[in-house]
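Bear in mind that the values here come from a model prediction, so they are computed numbers and not experimental data.
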Amino acid sequence: MAKNFTTREENYSQWYNDLVIKADLAENSAVRGCMVIKPYGYAIWEKMQQALDAMFKETGHVNAYFPIFIPKSFFSKEASHVEGFAKECAVVTHYRLKNDPNGQGVVVDPEAKLEEELIVRPTSETIIWDTYRNWIQSYRDLPILVNQWANVVRWEMRTRLFLRTAEFLWQEGHTAHATSDEALSEARQMLDVYATFAEKWMAVPVLKGVKSPNERFAGAVETFCIEALMQDGKALQAGTSHFLGQNFAKAFDVKFLSRENQLDYVWATSWGVSTRLMGALIMSHSDDHGLVLPPKLAPIQVAIVPIYKKIEQLAPISEKVDSLINALKAKGISVKYDTRDSYTPGWKFNEYEFKGVPVRVAIGPRDLENGTAEVARRDLLTKEIVPLEQLEEHIINLLEQIQTNLFERAKEYRELNTKTADTWEDFIVRLDEGGFVKAHWDGTPETEQKIKELTKATIRLIPLEPEQEEGKCILTGNPSPHRVVFARAY
RNA sequence: CGGGGUGUAGCGUAGUCCGGUUAGCGCGCCUGGUUUGGGACCAGGAGGUCGAUGGUUCGAAUCCAUUCACCCCGACCA
């Protein structure tokens, strides 16, 4: 275990913070609430981006880029949208500084006040739909399937590295369609893309569902989401996909002529995932020995540590290792052969363990004699001796096994921590145990709000295809057709 | 934004209540040597306007005021 590293048991949120900082993923910056993503953390984000971007393109989307600034007036055009974001916007009011006439330093030049203030985008629906108005006249212009990779700013009161920062990186897809059905199936498709990414790449099992009206995106008709369960029993919203109906088309006057020569408003979706996924990834798999990364997202998949007493002994090891490295690299596996002489093997073992490298190989004089290597896997912290000629195949299999095992382990944890409750008393007990609690709800925002006030738990989602089961609302006793999923959440 | 806490070298801290030599220690860092199969050892060395600003005082890390940042609990949060 790393020195001075808090365990999950001692203090989960301290553990998380320590992990992010000591594994060199990110750190706080000079700007309140804004983080610096360090190279190792950014490398993981880049792997996420690459995988997601490929999936977006496979489903017909293209990338574009819109301005970081949005005229203030745009926000007043969609009523619920402004209400959702108004309280957390950074506003640009001036465009120039000047030397302080009263002393040192610089001041904002009062003469350089903007005619109209600019909002640093908290999300881009408004600027994009204002732009789409000029792009769309006919059904032939549809659909528009655009994504952008960008940064956004939401002036949050309390921030935590990756989980909630004032500025964060994300992608936001904004699509325009001729029909409601088409837009709806787009929103559903992207939800599936997110779920696939979470499960196949991040090895994080997710529930798919619909948000209740209270939790719905500001301006959306329907919000779909994926929810993951963290090791402390709290839920984390990992991605959302919104069916926006004609709300933004109406707000920005985006109309098209249909095949039937009918003028109608355009149907919209938007969908996004952010660097918050980093938080989900970290919290899902990591342990008291540090970060644990799924092989598909690990910047370094295999670390090879040579062990030798004298520098002359390194050459024969390198000779054995070179062909392995080339073979693995040819298969697209990222390998780090760590020949740094300034650190001992033990130090390196701990380093790679803490940084979550899935597979570690050690080769020393003993192995050269026996024609073997020591192979350690990060997820189980086990080691085995493998003959050199089998090493390549062994590592390839091991990477797949680790990827699968992490997912299965996380899924088992989630299942163990998904419970049902039929009485209020039981509901409270289950919530305090942590995890998802399936319970009946009478479908009203008032009841949901009341439950939130009493328990701090929210409806994480309403299952997409809920199992029909007559029941009584956990709070009011009113009839309910099916259960919804509650949890305390990040 | 409300309540509580903390700011001393890159990191972790002692000293602060009760003002008084040159602010001490561990990790890390640099140099040299010996080491290297789970965070090596020895010797030497560098690094501090004690978060910032202002005040009280012969004298401030220490007392007072203001301010900034971070942490915890609330409120807030697609």
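- A donor and an acceptor atom never sit less than 3.5 Å apart when one is taken from the side chain of A:Arg276 and the other from the base of B:rA78.
- A close approach under 4.0 Å does not occur between any side-chain nitrogen or oxygen of A:Arg216 and OP1 or OP2 of B:rA78.
- Remark: aromatic rings of A:Trp271 and A:His61 are close, center separation under 6.0 Å.
- Under 4.0 angstrom from either OP1 or OP2 of B:rC73 there lies at least one side-chain N or O belonging to A:Arg158.
- At a threshold of 4.0 angstrom between heavy atoms, the contacts of A:Ser13 are confined to the sugar-phosphate backbone, with no base atom among them.
- A:Gly239 comes within 4.0 angstrom of nothing in the nucleic acid, heavy atoms only.
- Contact annotation for A:Trp170: base contact, defined as any heavy-atom pair under 4.0 Å involving a base atom.
- One side chain, A:Gln148 or A:Ser124, offers a donor N or O that lies under 3.5 Å from an acceptor on the other.
- Between the side chain of A:Lys309 and the base of B:rG37, no donor-acceptor pair of N or O atoms lies under 3.5 Å.
- The side chain to side chain donor-acceptor pair (under 3.5 Å) analysis of residues 27-40 of chain A, with sequence neighbours excluded, yields the pairs A:Asp24-A:Lys38.
- Contact check, A:Lys310 against B:rU36: no side-chain N or O comes under 4.0 Å of OP1 or OP2.
- Looking at A:Gln301 and A:Lys336, their side chains never bring a donor and an acceptor atom within 3.5 Å of each other.
- Using a 4.0 Å heavy-atom distance criterion, A:Arg154 is classed as a base contact.
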